[in-house]
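Written out below as structure tokens is the structure these notes cover.
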Amino acid sequence: MLQLSVLRHNPQQVKERLAVKHFKEVDLVDAIIALDDERKKLTFGFDETKAKINTASKEIGALMSKGQKEEAEERKKEVEALKQQLSPIQEQLAVVEKKLNDELIRLPNLPSVKVPVGKTPEDNEVVKTGGSKPQLYAGAVPHWDLAKKYDLIDFELGNKLTGSGFPVYKNKGAKLQRALIQYFLDYNTLAGYTEYMPPLMVNAASAYGTGQLPDKEGQMYFVPVDELYLIPTAEVPVTNIYRDVILKEMDLPIKMTAYTPCFRREAGSYGKDVRGLNRLHQFDKVEVVQLVHPEKSYDILEEMVQHVEGLIQSLGLPYRILRLCGGDMGFTSALTYDFEVYSAAQDKWLEVSSVSNFESYQTARMKIRFKDANGKTQLVHSLNGSSLALPRILACLLENNQTEDGIGLPVALQAYFGSEKITAL
RNA sequence: GGAGAGUUGUCCGAGUGGUUGAAGGAGCACGCCUGGAAAGUGUGUAUAUCUCUAAAGGGUAUCGAGGGUUCGAAUCCCUCACUCUCCGCCA
């Protein structure tokens, strides 16, 4: 969430930044400040009354021990009167505090000044392209046909077992998944990220911490009997590892990586966008997360972008890097770079990674802080990115590398996969 | 799922109604001591919030979470979460 101090110090600037994100209820800023004023007023009254009660109570104790019962009874009556005053204040305070919090979490993160102005994906700024598009042979087909031809993925079987969007990987398809995961994790740990294997379900507090709740409630699978959410990304459990923790400055940066399946309801998706591996309810992803000193977060964002870029380059896929415009970026992000790879047979760009700086938006919710050199506690900044999401990478690898006698694999993967190409059974 | 025990500050650990934000110890920081270090010794060592904001000082809240009893709760009662032990079930 945004910090109240930012709103209070510069409401006008906050509104301007919110407009870049196409956030409509700009008046919310003033409403929140008004609520905070009220909260302060009530808190003052509450504390003052409570202080009187506390003092009187101590005196009662002293009087009792001296045996001055009558005086004590007198004081008790005073306290009783004070408590009468207190309870309405207390009730109002609870209401105001809840309202304040409810409204505050409705504000999205402020976009950084680097965010391009714009509303739709067409307004995203291409900051870099790399690799080259392959020349496909005449009989080239999309990955869903290749998956069938080489018996790598069975979409129909997934429909039978679960439903659409839950493919079954088999044979070399399953092994290639395993190889990709292993390779991605090794690439990340080599760069200093600590590997985690977190739970695949989280409680509401964790989902709230990274911002999935309340904003994306309908996008997560929920298990009502135990009130648990299936994770939509490893970002949720991994970032929450440090929830409510005060770090030492020398602990920073904290670099974490994790492979997990990801579960997304993708309500509202349909049509050719969901064909084959393009959009799934369950998919595999390796994620990187960093918790960093606030002054360094933008440098580290660039570093993470390079890290992911290196991984894509090693796979030999044509790619481009986009800086997302205000209208297309996520609720919690301050600056996001998306990576897209070119899926040759579909002639489409597919998003395979999204690297973002959240500044203190997530850490304010999670209370992830550090003590600086002056002994003051302040919020760290959080960042994360995919490195990488598997299905679309797989789609591109299959489509771009298909030949008449098999599908070639990039050198980086060959040792993990155990052979240079996928051939028909 | 059933029965029992437990959850206190950075850590260990005392505390069953009254100056207890919390004994004692360890750790850590700074100082003294020392040629230097160890030992010894002194001081300090939570978070949030309000007043105020430049700081100091003060108030309030927090002893797993939430509620209740009471003039007063870490201490009593209720609900929930988690941990441990035994039983049951089970990869």
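Here is the naming used below: chain letters follow the sequence lines, and residue numbers restart at 1 for every chain.
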Could you give the distance separating [M] and [N] at their [atom1] atoms, to the nearest angstrom?
N: B:rA73; M: B:rU20; atom1: C1'; answer: 11 Å
N: B:rG9; M: B:rG13; atom1: P; answer: 11 Å
N: B:rG27; M: B:rC12; atom1: P; answer: 15 Å
N: B:rC33; M: B:rG42; atom1: C1'; answer: 11 Å

With a 4.0 Å cut-off on heavy atoms, is [X] in touch with a base, just the backbone sugar-phosphate, or nothing at all?
X: A:K83; result: sugar-phosphate
X: A:I53; result: nothing
X: A:A51; result: sugar-phosphate

Provide, to the nearest angstrom, the distance between the CD atom belonging to A:E38 and the C1' atom belonging to B:rC50.
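So the CD-C1' distance, A:E38 to B:rC50, works out to 16 Å.
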
When the distance from CD1 of A:I246 to P of B:rG9 is rounded to whole Å, what number comes out?
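About 13 Å, once rounded to whole Å.
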
Strictly below 4.0 Å: does [X] bring a side-chain N or O up to OP1 or OP2 of [N]?
X: A:T43; N: B:rU51; result: no
X: A:K50; N: B:rA61; result: yes
X: A:R39; N: B:rC50; result: yes

Only one of A:K149, A:Q402, A:E399 passes side chain to side chain contact (heavy atoms under 4.5 Å, CB included) with A:V141; say which it is.
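In the set A:K149, A:Q402, A:E399, the residue that makes a side chain to side chain contact (heavy atoms under 4.5 Å, CB included) with A:V141 is A:Q402.
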
I'd like to know if the side chain of A:Y259 pairs up with that of A:E195 as donor and acceptor (distance under 3.5 Å, no hydrogens or angles considered).
no

Are more than 12 heavy atoms, taken from residues, nucleotides or ligands other than A:Q68, located less than 6.0 Å from that residue's CD atom?
yes

Quick check: on RNA chain B, is the nucleotide nearest A:K376 upstream (toward 5') of the one nearest A:T55, or the reverse? Name the residue that is more 5'.
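First, find each residue's nearest nucleotide; the 5'-ward one identifies A:K376.
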
Using the side-chain heavy atoms of A:N54, tell me which of these nucleotides is nearest: B:rU51, B:rU47, B:rU60.
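Looking only at heavy atoms from C-beta outward on A:N54, the closest nucleotide is B:rU60.
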
